**Q** 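Below: one structure in C-alpha cells.
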Amino acid sequence: MASSASQKSQEQLNKALLLQFILPFITIHIPFYIVVVFPFFGIAWRTFADRIFFLFCWCPAMNPILVMLLVKKIRNELFTCERKKTSQAQTRSAVVVVSM
C-alpha cells in the first residue's frame, strides 16, 4: 500500500545498508582474518600485514560517501545546492548592477 516514491526510497536505503554491511566485511574482517589465520599455515604476508591498517582507516570514511552517492534525494540536494548558490549569487550581482 506504499506509494512508488516510498518504495523507491526504501530500495535505495536497502542498497545503501547492504553496501554498508559488505564494505566493512571486505575492508576489515577478511584482511584481519587473513593476517591472523595464514601464519598458522606457515604463510606470512609481512608487507600485507604492515599495510592492513590503511584498509581499516578507509572504512569509516567510505560509508557516508556511499550513502551520499546511493540515496537519490541526498545526492540531488548535494549537487543542486551548489547550482542554487551560483544562481543566487548571479541574481544578487545583477540586482547590484541595476540598482547603481
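All values reported here derive from a predicted model rather than from experimental measurement.
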**Q** With sequence neighbours left out, which residue pairs that include part of residues 47-60 fulfil the salt bridge (charged side-chain N to carboxylate O under 4.0 Å, His left out) condition?
**A**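 Listed once each, the pairs are Arg46-Asp50.
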**Q** Write out all pairs satisfying salt bridge (charged side-chain N to carboxylate O under 4.0 Å, His left out) with one or both partners inside residues 52-61, taking only residues at least two apart or from two chains.
**A**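 Residue pairs with at least one partner in residues 52-61: there are none.
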**Q** Which residue pairs satisfy the salt bridge (charged side-chain N to carboxylate O under 4.0 Å, His left out) criterion with at least one member in residues 58-67, sequence neighbours excluded?
**A**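 Found none.
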**Q** Would you give the length of the straight line joining atom CG of Leu70 to atom CD of Glu11, rounded to the nearest 0.5 angstrom?
**A**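 Going from the CG atom of Leu70 to the CD atom of Glu11 covers 13.0 Å.
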**Q** May I have the list of side-chain donor-acceptor pairs in residues 13-40 shorter than 3.5 Å, sequence neighbours left out?
**A**
unit_1 : atom_1 : unit_2 : atom_2 : d
Asn14  : OD1    : Gln10  : NE2    : 3.2
Asn14  : ND2    : Gln10  : O      : 3.4
Thr27  : OG1    : Leu23  : O      : 2.8

